[in-house]
Structures are given as structure tokens and as C-alpha cells.
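If you read the sequence from its start, that first residue is 1, and numbering goes on from there.
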Amino acid sequence: MPDATTPKPETHPADIKVRAARTADTAAIATGNRAMAGESEGKHLDPAVVAAGVSAALADADKGRYFIAEVGGRVAGQAMVTREWSDWRNGWFWWIQSVYVAPEFRRRGVYRALHGHIRAAARSAGDVAGIRLYVEKANTPAQATYRAMGMIDAGYLLFEDDWSGS
């Protein structure tokens, strides 16, 4: 396995295909979600709960829409979009969530392709005011990536009352 000093093979943007996720992607998405939670927040998620959550979203687009980035037929990354109505703007905000890029595909344009696909879909929808996401405070590499996509710190803090136990 290559280490951090081994140059990664070039990936041309045309080699990255972004598509809507399918039911057959459930295991890959759930694996990515668990890996992301472990890497970025040190959380160990219950595999059965995550798989059920992914399945529920794939079965009901009102819960979320997953997008898959593939390189050479392999799942290289993923992202989910949920929606929030903004009465201030009379439009939707699309929230980008559950972002994960497999380590061997990082720094190769995979997230850029996912982000571009989601942004283009949101812009063409006609009723979307913007896109948002939240990121762990200590995850500075992800923050740098989002800034490189033209996103800015919106100045909000996130508060929650989580009853799930995870």
C-alpha cells in the first residue's frame, strides 16, 4: 500500500463519474459513513443502524439523496444531500452531508466532482437558495477543501439535543 510520500496516480476529471446512488450501493455508503465518523470525529457507529439509515434514505428521497463518485468502476467517494426550507429566502438550502472519499482517491478531484455535480443540480433546480454543510471544528483539511470550492464560514454554531445515543 502506498504511503503519504508515494505520489498518487493522476486522475483526470473526466475519469470521475458522479451518479445518483442505488440500493446496491448501501453497503459501500454505510462503510464510508462509518469510516468518516471514525476519522473525523472518533465515533464508532453501529453498523446495523447506519445500514438501516442509509437504506431508509435510498428508499425515500425526502430523507436524503446520495451521490456516488466512481473512478474506473470503483466507488471513490460519496455525499448525501438533505433539504431545509428557508422562509427568509423563499427557497431550499441543500445540505451536503455524509461526505467521504476513500483514502486512495483523496487529493485527486473526487470531492470536487461530487461538489460540482451537487452544485449544478441545485442551481438548475430553480428553487434552491444555496448549499450548506457543517464540518468538525478540528477537521482543517476538510475546511480547506470547502473553502477551495468557494464556500465560506457562515458564522453559525451548531447546537443539538441528540437522543439517538450514538
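At least one side-chain heavy atom of I131 sits less than 4.5 Å from a side-chain heavy atom of M151. No side-chain heavy atom of V81 sits under 4.5 Å from any side-chain heavy atom of W95. With a 4.5 Å cut-off on side-chain heavy atoms, I118 and F67 count as touching. I16 has its side chain out of reach of Y111: every pair of non-hydrogen atoms, C-beta onward, lies at least 4.5 Å apart. Contact annotation: the side chain of D62 approaches that of R83 to within less than 4.5 Å [non-hydrogen atoms, C-beta and beyond]. With a 4.5 Å cut-off on side-chain heavy atoms, T82 and Q97 count as touching. Counting heavy atoms from C-beta on, the side chains of L114 and V99 never come closer than 4.5 Å.
In summary, the side chains of N33 and Q78 do present a donor paired with an acceptor at a separation below 3.5 Å, with no hydrogens or angles considered. Side chains of E84 and W92: a donor-acceptor N/O pair is absent below 3.5 angstrom, by distance only.
Ionic pairing of D127 and R89 is not present here: no N-O contact between side-chain nitrogen and carboxylate oxygen is shorter than 4.0 angstrom. Between E39 and R34, no side-chain nitrogen of the basic residue sits less than 4.0 Å from a carboxylate oxygen of the acidic one, so the salt-bridge criterion is not met.
Closest approach of V75 to A28, counting heavy atoms only: CG2-CB, 4.4 Å. Contact between A56 and K63 at its shortest, heavy atoms only, is O-CD, 3.7 Å. Of all the heavy atoms in V128 and A122, the pair that sits closest is CB-O, 3.4 Å. When all heavy atoms are compared, the tightest approach of V71 to A76 is CG2-CB, 3.9 Å. The two residues S55 and T26 make their nearest non-hydrogen contact at OG-CG2, 3.4 Å.
The CG atom of D25 sits 11.0 Å away from the OH atom of Y66 when rounded to the nearest 0.5 Å. Expressed to the nearest 0.5 Å, how far CG of D15 lies from CD of E70 amounts to 12.5 Å.
Side-chain heavy atoms closer than 4.5 Å link hydrophobic residues (I, L, V, M, F, W, Y) into clusters, and following such links, even through other members, never connects F93 to M80. Hydrophobic clustering (side-chain heavy atoms under 4.5 Å, transitive across Ile, Leu, Val, Met, Phe, Trp, Tyr) groups I68 together with V50. V18 and L133 fall within a single hydrophobic cluster, where Ile, Leu, Val, Met, Phe, Trp and Tyr side chains are chained together by heavy-atom contacts under 4.5 Å. Using a 4.5 Å cut-off between side-chain heavy atoms of Ile, Leu, Val, Met, Phe, Trp and Tyr, with links allowed through other members, V101 and Y146 fall into the same hydrophobic cluster. Y100 and I29 are assigned to two separate hydrophobic clusters, defined by single-linkage of ILVMFWY side chains at heavy-atom distances under 4.5 Å.
Atom CZ of R119 has 12 or fewer neighbouring heavy atoms from other residues, nucleotides or ligands inside a 6.0 Å radius. Crowding of R19 atom CZ: a count of heavy atoms from other residues, nucleotides or ligands under 6.0 Å exceeding 12.
Residues satisfying the salt bridge (charged side-chain N to carboxylate O under 4.0 Å, His left out) test with K17, not counting sequence neighbours, are none.
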Subject >> ring pair (Phe, Tyr, Trp, His ring centres under 6.0 Å) evaluation trace for Y156 with Y134 >> reply: CA-CA 10 Å; Y156 292 98; Y134 54 87; over 10 Å; no
**OP:** Go through H115 and I96 one step at a time and tell me if the side chain to side chain contact (heavy atoms under 4.5 Å, CB included) criterion holds.
**Re:** CA-CA 9 Å; H115 186 93; I96 299 173; 3.9 Å; yes
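In this structure, R65 satisfies the cation-pi test against W94, with its NZ or CZ atom closer than 6.0 Å to the six-membered ring centre and inside 45 degrees of the ring normal.
With hydrogens and angles disregarded, no donor-acceptor distance shorter than 3.5 Å links the side chain of N139 to the backbone of E136. With hydrogens and angles disregarded, a donor-acceptor distance shorter than 3.5 Å links the side chain of R108 to the backbone of E104.
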